[in-house]
Amino acid sequence: MAIIETEAALHEAHRDNHTHRDVNGGWLRPAVFGAMDGLVSNLALMTGVAGGAVSQQTIVITGLAGLAAGAFSMAAGEYTSVASQRELVQAELDVERRELRKHPQDEERELAELYVSRGVEPDLAREVARQLSKDPEQALEIHAREELGIDPGDLPSPTVAAVSSFGSFALGALLPVLPYLLGATVLWPALLLALIGLFACGAVVAKVTARSWWFSGLRQLALGGAAAGVTYVLGSLFGTAVG
């Protein structure tokens, strides 16, 4: 009885510790990159303009214009990219579907050979391939996974990618503008809030990676701060030259 209880406990622990996070999701990548891009690009844009010694109103308009233009650009780019990728996958699935319909025995033999190459005994591999090939849709899914490395039932959505990218970019790009909208008249509150946002974004990203939260946060803070510093210097030089 003790042995059975121990095995049950080990099985339960294995099940609890062997769940995996979704690494193929259609929203995570565009949301993360959208927020990062919105923060860094709009902060750099605003600091560059501020370096040219322009008015507060000009900085605010620049920030809002950068937010709108960047959000629409990111959404359009993500939609086109994901839609094109999905269309390419669908085209390849159509090719595989035709091959399964025209040459079912060849495809079954191909699947058996693939299992053999992975160490399955030939007789068992042929039997597994035969049984799996009975259902055309199941056979298509298996061939797609084995030959193309994709899951036909888990393709990313262009709409989800576009909406995630738009919203996250707009949210990130809003942070440097927000202090001005709330009455700030100098650059440093916008810069401070944006840098805090960069660190927070990096720390949040660490939750879905193997990196520590502080390392990821500091890395993003350093990259965004460097971008803002460089554009501020360039804006100052351009402002002096034009003036």
Side-chain angles (χ1 to χ4, degrees), residues 14-15 17-38 40-41 69-172 201 204-211 216:
H14 172 75
R15 187 184 64 184
N17 295 320
H18 202 67
T19 55
H20 295 283
R21 291 165 293 193
D22 179 15
V23 296
N24 297 318
W27 65 270
L28 181 60
R29 183 184 63 85
V32 169
F33 278 98
M36 296 291 193
D37 195 20
V40 174
S41 64
F72 280 110
S73 176
M74 286 286 292
E78 280 293 335
Y79 185 92
T80 302
S81 174
V82 175
S84 299
Q85 179 187 6
R86 189 183 180 96
E87 290 163 2
L88 175 60
V89 170
Q90 293 290 1
E92 292 300 315
L93 289 175
D94 288 340
V95 171
E96 191 63 35
R97 189 178 286 110
R98 287 195 299 270
E99 289 299 312
L100 285 167
R101 186 173 60 251
K102 293 180 179 179
H103 310 288
Q105 292 182 344
D106 291 337
E107 291 295 312
E108 182 180 320
R109 187 180 305 110
E110 184 180 278
L111 189 60
E113 291 173 353
L114 184 128
Y115 289 142
V116 170
S117 70
R118 295 187 176 180
V120 180
E121 294 181 358
D123 291 341
L124 179 58
R126 285 191 290 270
E127 178 61 21
V128 170
R130 185 187 67 80
Q131 292 189 28
L132 292 176
S133 299
K134 288 181 179 179
D135 183 353
E137 287 304 314
Q138 178 177 253
L140 175 63
E141 181 178 334
I142 293 170
H143 278 275
R145 286 178 173 175
E146 297 292 348
E147 297 177 24
L148 303 175
I150 59 173
D151 183 355
D154 191 29
L155 299 180
S157 166
T159 302
V160 170
V163 171
S164 298
S165 183
F166 181 95
S168 59
F169 185 98
L171 183 61
C201 282
V204 169
V205 169
K207 293 295 183 181
V208 293
T209 67
R211 288 290 189 181
S216 184

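Note that the structure is predicted; figures quoted are calculated from it, not measured. When a residue number appears, it is its place in the shown sequence, counting from 1.
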Asker: Who are the side-chain contact (heavy atoms from CB on, under 4.5 Å) partners of Val89, not counting sequence neighbours?
Answerer: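 So Val89 forms a side-chain contact (heavy atoms from CB on, under 4.5 Å) with Leu93, Ile150, Leu155.
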Asker: Between atom CD of Glu141 and atom CG of Asp151, what is the distance when rounded to the nearest 0.5 Å?
Answerer: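 Output value for this atom pair is 5.5 Å.
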Asker: Looking at every non-hydrogen atom in both residues, tell me the closest pair between Tyr79 and Ala162 and how far apart they are.
Answerer: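 Looking at all heavy atoms of both residues, the closest pair is CB-CB, 3.8 Å.
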Asker: On a heavy-atom basis, which atom in Ala71 and which in Phe166 lie closest, and how many Å separate them?
Answerer: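 For Ala71 and Phe166, the tightest heavy-atom pair comes out as O-CD1, 3.4 Å.
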Asker: Side chains of residues 95-107: which donor-acceptor pairs under 3.5 Å do they make with residues two or more places apart or in other chains?
Answerer:
unit_1	atom_1	unit_2	atom_2	d
Arg97	NH1	Asp94	OD1	2.8
Asp106	OD1	Arg109	NH1	2.8
Glu107	OE1	His143	ND1	3.4

Asker: Donor-acceptor pair, distance only, cut-off 3.5 Å: does the side chain of Ser73 make one with the backbone of Ala69?
Answerer: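 No, the answer is negative, given that no donor and acceptor are paired below the 3.5 Å cut-off.
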Asker: Taking all non-hydrogen atoms of both residues, which atom of Gln85 and which atom of Pro156 are closest, and how far apart?
Answerer: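 Distance-wise, the nearest heavy atoms are OE1-CG, 4.4 Å.
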Asker: Give the minimum heavy-atom separation between Ala144 and Pro152, together with the two atoms involved.
Answerer: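 Taking every non-hydrogen atom into account, CB-CG, 3.7 Å.
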Asker: List the residues meeting side-chain hydrogen bond (donor to acceptor under 3.5 Å, both in side chains) with Glu108, not counting sequence neighbours, and say none if there are none.
Answerer: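 Listed in chain order: nothing, the list is empty.
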Asker: Which residues pass the side-chain contact (heavy atoms from CB on, under 4.5 Å) test with Thr80, sequence neighbours left out?
Answerer: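 Residues passing side-chain contact (heavy atoms from CB on, under 4.5 Å) with Thr80: Ser84.
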Asker: When you measure from the side chain of Ser164 to the backbone of Val160, do you find a donor-acceptor pair of N or O atoms at a distance under 3.5 Å?
Answerer: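 Present.
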Asker: May I have the list of side-chain donor-acceptor pairs in residues 110-119 shorter than 3.5 Å, sequence neighbours left out?
Answerer:
unit_1	atom_1	unit_2	atom_2	d
Ser117	OG	Leu114	O	2.5
Arg118	NH1	Glu146	OE1	2.8
Arg118	NH2	Glu146	OE1	2.8

Asker: Donor-acceptor pairs under 3.5 Å, side chain of residues 124-138 to any protein atom, not counting sequence neighbours: which ones?
Answerer:
unit_1	atom_1	unit_2	atom_2	d
Arg126	NH2	Asp123	OD1	2.3
Glu127	OE1	Arg130	NE	3.2
Glu127	OE2	Arg130	NH2	2.6
Glu127	OE2	Gln131	NE2	2.7
Ser133	OG	Ala129	O	2.7
Asp135	OD1	Glu137	N	3.2
Gln138	NE2	Leu132	O	3.2

Asker: Can you name the closest pair of heavy atoms from Gly34 and Met74 and give their distance?
Answerer: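 That would be CA-CE, 3.7 Å.
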